[in-house]
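To start, the structure itself, in structure tokens.
In what follows, every chain begins at residue 1, and chains take the letters A, B, ... in the order their sequences are listed.
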Amino acid sequence: MSEDVSIPISQRASVNGASFSSDFFKGLNPEQADAVRSTEGPVLVLAGAGTGKTRVLTTRIAHILAQGLAKPWEILCVTFTNKAAREMRERTTRLVGPSAEGLSNLGTFHSIAAQMLRRHAELVGLKSSFNIIDDDDQTRLLKQIMEARRIDTKRFPPKLMAHFLDQWKNKGLTPDKVAKMTADEGAQFAFNKGPELYAEYQERLRVLNACDFGDLLLHTLKILTEHPDILEHYHRRFKYVLVDEYQDTNIAQYLWLRILTNANRNLCCVGDDDQSIYGWRGAEVDNILKFERDYPGARVIRLERNYRSTQHILSAASGLIRANSARLGKTLFTDQEGGEKVRVQGLWDGAAEAQGVAEDIERLKKQGRAYSDMAVLVRASFQMRAFEERFLMLQIPYVVVGGPRFFERAEIRDAIAYLRLIQSEDDDLAFERIVNVPKRGIGDATVQKLLMQARLAGQSVMAAVRDLVQTDELPARAKTPLVGFLRDYDRWVAALKSTAHDALLDMVLTDSGYYDMQRADKTSGGTRIDNLKEMMNAMQDFENLEAYLEHVSLVMDLERDNGENSVRISTLHAAKGLEFPVVFLPGWEEGVFPSQRSMDENGLKGLEEERRLAYVGLTRAREIARVSFVANRQVFGRWTSQIPSRFIDEMPIEHVEATSQTGYTQAGWQSQESRWDRAGYQPNHTKSETKTEGRFSDRLSGVDMSRLEKKPQPHRQPAAKPQPSKGLSVGTRVFHSKFGYGHVVETEGNKLVVNFDISGEKKVIDSFVEKA
DNA sequence: TTAATCCAGATTTTT
DNA sequence: TCTGGATTAA
């Protein structure tokens with residue numbers, strides 16, 4: 001989110017000097033200053049890409065503090081990600097010094113809601129020690145509920161139900177409200193059992209003393225609605241409310257903000273409708289579009305001066321986004337004249353594309369650019385593979401953003417489940433995860449019996465186990481290991497008081513035989529144990545177990561790979577808020593980007609969101625943006641003909657420089673037309689339109705489409721020119737990727753076998769072998 | 001309880 | 001084409 005120019009030293013010097021507040025305004029343009037200064041009443045700041053959004057927010061906080069308008073804890077400032085929150089805190093600290101530490105209400109929607117909910121948990125039937133479950137637990141819980149009701153989980157996948165559940169929660173709908181929506185697709189789930197399942201799910205969560213992410217908001221919303229005294233308290237407390245990335249709020253978040261800002265309307269929302277790319281996750285662009293209606297008398301301030309990109313890049317992006325209908329409209333401008341035009345290149349296939357990008361990278365590197373100045377941004381993660389392989393071959397260091405995350409690793413989740421169970425005995429989901437990990441001879445059948453018993457008795461599974469062990473209802477084969485498990489468990493709980501929590505985990509893992517199990521497993525190569533050690537290290541930073549668990553459930557972003565000097569390969573979504581001098585945007589083909597599925601499922605709305613994604617991609621670039629597409633692409637192992645994305649045509653030609661090595665085939669064109677037909681869309685350019693003056697597609701390959709022969713061409717790349725893999729001999733260490741460090745174990749012609757130390761995975765790379 | 005086999009599904013992802 | 005989840009057999 002380093003969206004703007006760094007703060008001049010003169011301002012940093014003005015730390016904690018309330019009387020120097022005017023210094024904050026130095027270097028701000030008039031609109032930015034206006035946005036900072038308008039502290040009375042509701043304000044919407046429409047901040048285009050690269051216009052200094054974060055700077056406005058942080059300066060605004062600094063200004064409020066410096067003017068003595070509020071104490072640090074009287075400012076509510078919400079973001080979406082922990083990263084954004086962290087950055088906001090850091091940058092505010094730079095402006096106002098240590099007093100920024102007191103900003104206790106600066107955080108993500110979820111962390112702030114969790115804070116509030118812990119304080120009033122009993123009002124919604126929870127204990128304040130409640131656990132926060134993730135979507136894996138959510139799905140498993142749903143599955144249990146459905147199986148207990150004898151719903152065919154094959155016909156009605158719990159995953160799908162979980163999806164509906166999320167959608168309802170995003171919209172702030174409670175089970176009773178859903179029950180009335182008979183037309184709703186989710187409500188009709190499994191023969192209209194949607195609402196029932198929802199209700200039972202909520203009830204089960206209450207019994208488990210747990211809640212999911214959506215509940216954090218919904219429960220607080222409920223408390224605020226039903227308890228005017230509490231609401232009153234927060235109204236008095238939050239004198240100023242600031243919201244980052246307002247275009248990404250969903251309805252629940254909207255309602256939550258609404259109620260919190262009702263009486264006190266010093267609300268400042270910052271966002272950009274053109275960068276709303278999370279619609280599929282419940283974000284409502286409408287929230288930002290109707291802000292003025294929601295808050296009558298609101299001021300709308302547009303930030304249109306872009307400090308990031310050159311003229312050509314900005315104009316290409318603006319031209320593109322102009323094709324969208326649902327937008328408030330902004331015209332970005334910059335002082336940075338000229339620069340390189342956006343280059344669009346057509347290539348034969350994915351391998352050629354990766355090769356082209358890699359060559360460009362090496363060329364730019366020779367011209368003195370750092371690898372970390374460059375990024376490859378793709379639509380979907382499967383597109384990353386080709387680049388990884390190529391980069392590996394040429395020894396270009398790279399980092400993949402969004403690989404398997406630390407907390408999603410099985411061993412970490414197991415350890416957390418143990419801790420959760422120790423923290424709260426009611427946590428059946430944690431119990432289920434670890435009763436038989438490592439294997440204790442407690443099989444599925446036994447677990448099912450326990451769950452059933454617990455449900456019948458209306459108690460938690462641990463309680464049920466305690467009871468059952470006293471009786472003779474269980475066969476000795478199941479009973480003995482359970483008794484052993486209980487004994488261990490009780491010892492751990494007792495140890496919780498006397499032992500540091502990281503040492504406790506070590507004890508748990510030793511006693512339970514988890515370490516032994518991992519050591520016995522040769523495939524992991526000891527890295528799992530390293531991960532666990534790493535986790536214990538991290539635990540030391542927390543007061544107690546409870547604090548740590550809160551952290552992991554909400555702040556799952558430990559251990560980010562920080563590729564110091566590496567090219568970044570990332571999805572477009574994950575690149576939001578970042579910027580790079582050089583950006584490569586491969587895979588701009590109809591059906592890939594814009595994604596066919598997105599258009600099929602959401603029609604025009606989906607297409608417009610894809611277009612915003614393209615806009616986000618282009619505007620990440622400071623100096624160089626290079627778009628590419630291919631004529632042939634392998635999708636799910638099948639070769640398909642592609643045609644360039646309509647987005648390519650939508651960039652104004654005068655800001656684009658087109659080159660093509662191969663052009664594209666008539667076959668591709670045709671197959672795309674029929675694809676459009678089937679989906680009921682009108683392509684932006686039809687055959688007759690191809691002749692339109694200045695259209696990119698004309699210049700592209702210099703081929704008259706109508707004269708190309710009809711029969712499909714074989715999708716073979718003319719001649720693969722083998723390149724020697726430079727200096728990659730057996731034993732060479734290859735840098736970090738999402739697979740971790742690795743060593744070359746075998747080279748043979750074009751084939752390269754790499755053994756990755758961290759995952760234990762062996763990967764064969766043969767990017768030069770021709771694919772028929 | 002574990003290993004072998006079959007089969008649908010295969011964007012984006014934070015909390 | 002590849003993969004993980006579920007079913008089936010041993």
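- Judged purely by atom type and a 3.5 angstrom limit, S276(A) has no side-chain atom pairing as donor or acceptor with the backbone of D273(A).
- Of the candidates dT11(B), dT13(B), dT1(B), dT11(B) carries the atom nearest the R597(A) side chain, counting heavy atoms from C-beta on.
- In this structure, the CZ atom of F109(A) is 13 Å from the P atom of dT15(B), given to the nearest Å.
- Across the P atoms, dT12(B) and dT3(C) are found 16 Å apart, a figure rounded to whole Å.
- Under the 6.0 Å distance and 45° angle rule, R281(A) counts as a cation-pi partner of Y278(A).
- Regarding K169(A), its NZ atom lies at a distance of 18 Å from the P atom of dT15(B), rounded to whole Å.
- For the atom pair CG (L450(A)) and CD1 (I442(A)), the distance works out to 8.0 Å, reported to the nearest 0.5 Å.
- Relative to the six-membered ring of F580(A), R568(A) misses at least one condition, a distance below 6.0 Å or an angle of at most 45° to the axis.
- Residue D135(A) is classed as a base contact, given a heavy-atom separation below 4.0 Å to a base.
- A donor-acceptor contact shorter than 3.5 Å links the side chain of T480(A) to the backbone of A476(A).
- Rounded to whole angstrom, the span from the CZ atom of F382(A) across to the C1' atom of dG4(C) amounts to 18 Å.
- K576(A) is listed as a side-chain neighbour of I277(A), based on a closest heavy-atom distance under 4.5 Å.
- Within 4.0 Å (heavy atoms only), Q138(A) reaches no atom of the nucleic acid at all.
- OP1 or OP2 of dT14(B) has not a single side-chain nitrogen or oxygen of N82(A) nearer than 4.0 Å.
- Panel note: side chain R612(A), backbone D274(A); no donor-acceptor pair is recorded below 3.5 Å.
- Listed pair T571(A) / dT13(B) meets the phosphate criterion, a side-chain N or O lying under 4.0 Å from OP1 or OP2.
- Taking atom CG of residue L217(A) and atom C1' of nucleotide dT15(B), one finds them 9 Å apart after rounding to whole Å.
- With distances taken from any side-chain atom of S598(A) to the nucleotides dT11(B), dT1(B), dT15(B), the minimum falls on dT11(B).
- In this structure, the NE2 atom of H110(A) is 4 Å from the C1' atom of dT15(B), given to the nearest Å.
- Judged by atom type and distance alone, R379(A) reaches the base of dT12(B) through a side-chain donor-acceptor pair under 3.5 Å.
- In this structure, I442(A) reaches the sugar-phosphate backbone alone: every heavy-atom distance under 4.0 Å involves primed, P, OP1 or OP2 atoms, never a base.
- Nearest to the side chain of K143(A), among dT11(B), dA6(C), dT13(B), sits dA6(C).
- For A380(A), counting side-chain heavy atoms from C-beta on, the closest listed nucleotide (dT14(B), dT11(B), dT1(B)) is dT11(B).
- Listed candidates were dT12(B), dT2(B), dT15(B). Nearest to the side chain of T108(A) is dT15(B).
- Rounding to the nearest 0.5 angstrom, the gap separating the CZ atom in R140(A) from the CD atom in E432(A) is 5.0 Å.
- Comparing the C1' positions of dT13(B) and dC2(C) gives an interatomic distance of 23 Å, to the nearest angstrom.
- For the OP1/OP2 pair of dT12(B) and a distance below 4.0 Å, the side-chain nitrogens and oxygens of S381(A) include at least one atom meeting the criterion.
- In this structure, CG of L549(A) is placed 17 Å from P of dT15(B), rounded to the nearest angstrom.
- Looking at N436(A), its side chain does come within 3.5 Å of a backbone N or O of R440(A) through a donor-acceptor pair.
- Following rounding to the nearest Å, Q115(A) (CD) and dT15(B) (P) show an atom-to-atom distance of 16 Å.
- Straight-line distance from the CG atom of L216(A) to the P atom of dT14(B): 17 Å, rounded to whole Å.
- Taking a pair as Watson-Crick or G-U with both hydrogen-bonding distances under 3.5 Å, the stems of three or more pairs touching DNA chain B are B:1-10 with C:1-10.
- For N436(A), taking side-chain heavy atoms from C-beta onward, the closest of the listed nucleotides dT13(B), dT1(B), dT12(B) is dT1(B).
- In this structure, the aromatic ring of W280(A) is positioned over the six-membered ring of the base of dT12(B), centres within 5.5 Å and planes within 30°.
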